[in-house]
Amino acid sequence: MGLLIELLGLVLAVAVALGALKRNGVDIGWLNPFTFFHRMRWKKKSSIPPLYALDHPIDVVGVLALAAVQTSGIVTTKQKDGVMALLCQQLSMDAAEANKLWILSSHLLRHRALDAREVPAVLEKSADKFSDYHQKTLVSIIHAAIAIEPPQNVAQTELLAAIEAFFNKAKAAPAAW
């Protein structure tokens with residue numbers, strides 16, 4: 001019984017000391033394990049660049065279609081109109097939705113060409129949501145976007161090969177049982 005009273009006295013003394021530290025301006029919030037784990041999860045979530053955090057296949061298709069035409073340099077009006085028409089036709093979007101997707105994609109890429117080595121990071125979060133049909137649609141949109149202004153350059157070929165290699169690798173990976 002005496003041990004229990006001493007233990008309760010110790011807990012009370014620590015609580016009073018922590019309260020006094022808090023009143024005097026010392027931050028003791030880092031001691032709370034619940035907020036610690038919440039902060040760690042938030043830090044992990046917020047440290048991922050938005051381009052690599054896309055989890056919806058339509059957003060990924062928009063980004064990769066823009067990346068396919070951006071590798072040739074400055075995007076022309078013909079390329080923009082062609083990609084927007086492809087998005088409307090292949091993804092059953094209206095012009096306003098396709099325009100919003102174009103703006104989102106251009107904001108995420110920030111006027112830089114997407115390197116083929118970045119493709120797995122872009123596709124990683126949404127890969128499980130891509131069915132075979134979605135994969136074929138993505139590849140056909142990229143092929144059509146590249147064909148808008150014909151000579152296909154090396155960067156476009158590498159981008160297309162990286163997309164196909166990612167999905168082939170995902171198919172070949174054994175499923176967890």
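Just so it is clear, the model here is predicted, and its values are computed rather than measured. The basis for the numbers below is simple: all heavy atoms, side chains too, and nothing from hydrogens, waters or symmetry mates.
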Just by distance, no angles: are the side chains of H134 and T137 close enough, under 3.5 Å, to form a donor-acceptor pair?
no
Do L123 and L64 make a side-chain contact, defined as non-hydrogen atoms from C-beta onward lying under 4.5 Å apart?
yes
Could you check whether any side-chain heavy atom of K100 comes within less than 4.5 Å of a side-chain heavy atom of E97, counting everything from C-beta outward?
no
Check this for me: I74, atom CD1, are more than 12 non-hydrogen atoms of other residues, nucleotides or ligands nearer than 6.0 Å?
no
hydrophobic_cluster_shared for I103 and L109, side chain cutoff 4.5 Å:
no
K129, NZ atom: more than 12 neighbouring heavy atoms under 6.0 Å:
yes
Measure the spacing between CG of D59 and OG of S105 and express it to the nearest 0.5 Å.
7.0 Å
Shortest non-hydrogen separation from S126 to V122 and the atoms involved:
OG-O, 4.4 Å
I need the minimum non-hydrogen distance between E149 and T76, along with the two atoms involved.
OE2-OG1, 2.9 Å
How many angstroms lie between atom CG of L138 and atom CD1 of I163, to the nearest 0.5 angstrom?
5.0 Å
If you group Ile, Leu, Val, Met, Phe, Trp and Tyr by side-chain heavy-atom gaps below 4.5 Å, do W42 and M40 land in one group?
no
Beyond-backbone contact of L91 with I141, side-chain heavy atoms, under 4.5 angstrom:
yes
Nearest atoms (heavy-atom pairs only) where A162 meets A116
CB-O, 3.5 Å
Can you hop from L10 to L3 via hydrophobic side chains spaced under 4.5 Å?
no
Hey, could you give me the CG/CG distance between L54 and L104, rounded to the nearest 0.5 Å?
7.0 Å
Atom pair CG/CG of L101 and L66 - distance to nearest 0.5 Å
9.0 Å
N153 backbone acceptor or donor facing Q156 side chain under 3.5 Å
yes
Around atom CZ of R112, are there more than 12 heavy atoms of other residues, nucleotides or ligands at under 6.0 Å?
yes
Q135 and F130 have their tightest heavy-atom pair at NE2-O, 3.6 Å
Determine the minimum heavy-atom distance between T71 and A113, stating which atoms define it.
CA-CB, 4.3 Å
Nearest 0.5 Å, please: how far is CG in D132 from NZ in K171?
4.5 Å
Measuring from Y52:OH to K125:NZ, what's the distance to the nearest 0.5 Å?
13.0 Å
Shortest non-hydrogen contact from A67 toward L114
CB-CB, 3.6 Å
Please report the C-alpha distance between L159 and I146 in whole Å, then the side-chain angles of each, then the deciding distance to 0.1 Å, and finally whether the side-chain contact (heavy atoms from CB on, under 4.5 Å) criterion is met.
CA-CA 10 Å; L159 183 72; I146 291 171; over 6 Å; no
